[in-house]
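Structure record follows, encoded as structure tokens.
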Amino acid sequence: MNLDEPLERRMRAQPLRPVPVEWREEILNSARAAASTAGSSGPAPASTWFGLRRVRLAALIWPNPRAWAALGSVWVVILGLHLSARDLVPSEGAPRTPSASVQMRQMLKQQAQMFTELLGPSADPGPTMPKKTPGQPRTQRPDHVQNT
Amino acid sequence: MATDLERLYDEHAQALFAFLLNLTRDEEDTRDLLQEIFVKLARHPELLSAAREPRGFLVHLAHNAAIDRMRRRGTRQKYQEAFQAQQISPFSPTPDPDEAQFRAALAAALGELPPDQRAVVHLKLWEGLTFAQIAAALEIPPDTAASRYRYGLDKLRRVLRPLYDELK
């Protein structure tokens, strides 16, 4: 790929067609009319803060608006799938009532078994629910349990 | 503002016209696209003031507009048919028969290139842009610009070499 080759030089030397002279006024008149139409609709779009943001956003998006629209659609679909999937999964903040009551029942059952072993099968295990001091250690339970 | 627009037209219209004509191979489309570009500049003059290189930015606008137009109008085959029917050439006519023959062959060979290669070849050969400038204008990597130029030039060489050897 050497531009100094004669063939490339000859290609490069071919003169391009000139732009038709009559196009100048036609195109400039259309452009001026478009500019004055944009101006008559209010303040120039870039003279306000929002206008400037809109123009800069248009400059970023304009080259390929379809690509940006497609990307936005993909993100909307992803967000929708994410939100619908969240509804099917229980949140971490849900109350633990079922598992807590199961644990409590197991604790009470163990206590009842312990009372039965200690006091015999005829003994009334008494209230199995620890009263008012759920955090009380076993060593601080009623004396007749401790002294045996 | 009017003076700025006229100055912009006088400085860049020729280059944009040649580039658009080489891409579209249709004079009517070229005119519409050129007008579209200057209408946009008239409505949003701040677009060009924010650009580092005015010519590169305008080529970028022209390229995108041409690609959009070509996509709306159909496949490359349609342009090949239009080219064959109208004999649209991006080069000036000449009275010299050998030169005219070479220019016609070059125009036809350029028309056979894919638009992406044709754009790079045009900007490199007739606008004298560097691969970095071409890459910035067409929003492609510089390596891609270089490879498209290489492939395009190889095709042109293959087609034109016999005629060139005969005419020189």
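Chain letters run A, B, ... following the sequence lines, proteins first and then strands; every chain starts at 1.
Looking at heavy atoms from C-beta onward, B/Leu106 lies out of side-chain contact with A/Arg10 at the 4.5 angstrom threshold. Contact annotation: the side chain of B/His122 approaches that of A/Leu16 to within less than 4.5 Å [non-hydrogen atoms, C-beta and beyond].
Remark: B/Arg52 CZ is loosely packed, at most 12 non-hydrogen atoms of other residues, nucleotides or ligands lying under 6.0 Å away. For B/Tyr164, the OH atom is densely surrounded, since the number of other residues' heavy atoms within 6.0 Å is greater than 12.
Cluster membership check: A/Trp68 shares its hydrophobic cluster with A/Trp75, using side-chain heavy-atom separations under 4.5 Å among Ile, Leu, Val, Met, Phe, Trp and Tyr. Hydrophobic clustering of Ile, Leu, Val, Met, Phe, Trp and Tyr side chains at less than 4.5 Å, counting indirect connections, keeps B/Tyr151 apart from B/Leu156. Under a hydrophobic-cluster definition in which Ile, Leu, Val, Met, Phe, Trp and Tyr are linked whenever side-chain heavy atoms come within less than 4.5 Å, directly or via other members, B/Leu153 and B/Ile140 are assigned to the same cluster. Hydrophobic cluster membership differs between B/Phe19 and B/Val39, with clusters built from Ile, Leu, Val, Met, Phe, Trp and Tyr side chains linked at under 4.5 angstrom.
For B/Thr94, the side-chain hydrogen bond (donor to acceptor under 3.5 Å, both in side chains) criterion is met by no residue, not counting sequence neighbours.
Note: A/Ala31 leads A/Pro20, A/Ala31, A/Ala13 in heavy-atom pairs under 4.5 Å with chain B.
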_B/Arg161/A/Glu5 under salt bridge (Lys or Arg N to Asp or Glu O under 4.0 Å): CA gap, chis, key distance, verdict_ = CA-CA 12 Å; B/Arg161 177 67 67 184; A/Glu5 289 186 18; 3.8 Å; yes
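Between A/Glu22 and B/Arg31 there is no salt bridge, since none of the side-chain N atoms of the basic residue sits less than 4.0 Å from a carboxylate O of the acidic one.
Between B/Leu160 and A/Met11, the shortest heavy-atom contact is CD1-SD, 3.7 Å. Across every non-hydrogen atom of B/Ser92 and A/Pro18, the tightest pair is OG-CD, 3.7 Å.
With rounding to the nearest 0.5 Å, the separation of CD in A/Glu26 from CZ in B/Phe38 is 14.0 Å. Distance check, rounded to the nearest 0.5 Å: CZ of A/Arg32 to CG of B/Leu5 gives 7.0 Å. If you take CD on B/Glu6 and CG on A/Leu28, they are separated by 6.0 Å, rounding to the nearest 0.5 Å.
When heavy atoms are compared at a cutoff of 4.5 Å, B/Asp10 approaches chain A solely by way of its side chain, counted from C-beta outward. Contacts of B/Leu8 with chain A are absent, with no heavy-atom separation under 4.5 Å from either backbone or side chain. For chain A, the nearby part of B/Tyr9 is the side chain; its heavy atoms alone come within less than 4.5 Å.
Put simply, the side chain of A/Arg17 never gets that close to the backbone of B/Pro90: no donor and acceptor are under 3.5 Å apart. The backbone N or O of A/Val19 sits less than 3.5 Å from a side-chain atom of B/Gln14, completing a donor-acceptor pair. Not one N or O on the side chain of B/Trp126 forms a donor-acceptor pair closer than 3.5 Å with the backbone of A/Pro15.
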